[in-house]
Amino acid sequence: MKVPLPSPDVVSRSRGAVTPLYFIMTPENMVQNTLPFFAKTGVKVLATPRVSQARFGEYLLELAPGAFTTRAVGDGFENFLYLLSGTAQLESAGRILEMREGTYAYLPDSAAFMLQNQSSEHSRVLWVKKVYAPVKGLDVPSPVYGHLAEVPRIETSVPNSWRQVLLPIENPAFDMAMNVLSFKPGVFFDQVEIHHQEHGLYMIQGQGIYYLGSQFHEIKQDDFIYMAPYCPQLFYAIGDNESAYLLYKDVNRDGYCC
Ligand code: UGY
Ligand code: MN
């Protein structure tokens, strides 16, 4: 069968962008990869330490029915897993967690994990992986398991926008925050943020305009943005419904450690 040629406007339709301070990867820009020990699993590599100054990795795992890890993975790293759609089973340190949309787990660097999809549907998992930055005098974090629906929505300084804090970052042992920020249409930040931390942002619903560096970009569901330290940033939510993104941020460290 003859396959039609790609449309000639493939370049002008792309919303992807790469600059020294940030990059935007839309589903149309993402490329399929595989990783050792992930059977029947498509991997979209989002952020890695190969870009800019990133100190974390973020991966979109697409688990076909029957997908499984052939051995424990993630050892030597702290890992955060968030189930975007479908269902999956996570096993770590002798515990089995049944994951559905919104289930998440933080596993410290002593706890490797196994993942499988026993259902007949595809499932999608976001995986954030990082070398833990220990601090002398602080105990290492314990695992955290939860579901987004059980995390309180705290209104931010801007009305009609909320933050859900998935990890107990009031404990300074934690060096990473995973937050879900939600916005009613029309809401925008009350400041252009500039901070020393970096972000990995996955748009879980809705759309908006992101001001990054010195440019405006249209952003929508399933886009990924990497923001380097000191990247100027402001979100302006638009559309008919609430927008929300899952945001990685390094926290509780002074910038000297790894
Ligand atoms: O907490 C934050 O740094 C967050 N407000 N940044 C962002 O959403 N780009
Ligand atoms: Mn920020």
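Both counts, for ligands and for their atoms, begin at 1 and track the order of listing.
Contacts between Tyr210 and ligand 1, counted as non-hydrogen atom pairs separated by less than 4.0 Å, involve the side chain only. Residue contacts with ligand 1 for Tyr245 involve side-chain atoms from C-beta outward but no N, CA, C or O (heavy atoms, distance under 4.0 Å). Counting heavy atoms closer than 4.0 Å to ligand 1, residue Leu181 contributes side-chain atoms (C-beta onward) but none from N, CA, C or O. When heavy-atom distances to ligand 1 are checked against a 4.0 Å cut-off, Gln197 has no atom that comes that close, whether in backbone or side chain.
In the model, Glu28 has a side-chain atom that pairs as donor or acceptor with a side-chain atom of Thr26 under 3.5 Å.
Clustering ILVMFWY residues whenever any of their side-chain heavy atoms sit less than 4.5 angstrom apart, transitively, puts Val10 in a cluster other than the one holding Met30.
Here the rule is ring pair (Phe, Tyr, Trp, His ring centres under 6.0 Å) with Phe235, and of Phe216, Phe188, Phe183 only Phe183 fits it.
Side-chain N or O atoms of Ser92 include one that pairs as donor or acceptor with a backbone N or O of Ala112 at under 3.5 Å. Remark: the backbone N or O of Gly208 is not paired with any side-chain donor or acceptor of His217 at under 3.5 angstrom. Panel note: side chain Arg253, backbone Pro172; a donor-acceptor pair is recorded below 3.5 Å.
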Could you walk me through whether Tyr245 and Tyr210 pass the side chain to side chain donor-acceptor pair (under 3.5 Å) check?
CA-CA 12 Å; Tyr245 51 74; Tyr210 233 109; 2.8 Å; yes
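Checked against the Mn ion (ligand 2), the N, O or S atom of Glu193 at the shortest distance is OE1.
Nearest-heavy-atom check against atom 4 (C) of ligand 1 across Gln191, Arg163, Glu193 picks out Glu193.
Within the coordination shell of the Mn ion (ligand 2), defined by N, O or S atoms under 2.8 Å, Gln233 is present.
Near Gln233, meaning under 4.0 Å from any of its heavy atoms, are these atoms of ligand 1: 6 (N), 7 (C), 9 (N). Every atom of ligand 1 is numbered from 1 in the order shown, and the set under 4.0 Å from a heavy atom of Leu247 is 4 (C), 6 (N), 7 (C), 8 (O).
Counting only heavy atoms of the protein, atom 3 (O) of ligand 1 lies nearest to Lys249 NZ, 2.8 Å.
Distances shorter than 4.0 angstrom do not occur between any heavy atom of Tyr211 and any atom of ligand 1.
To the nearest 10 degrees, the angle centred on the Mn ion (ligand 2) between NE2 in His195 and NE2 in His199 reads 90°.
Using cut-offs of 30° and 60° for the angle between ring planes, the Trp127 and Phe113 rings count as perpendicular.
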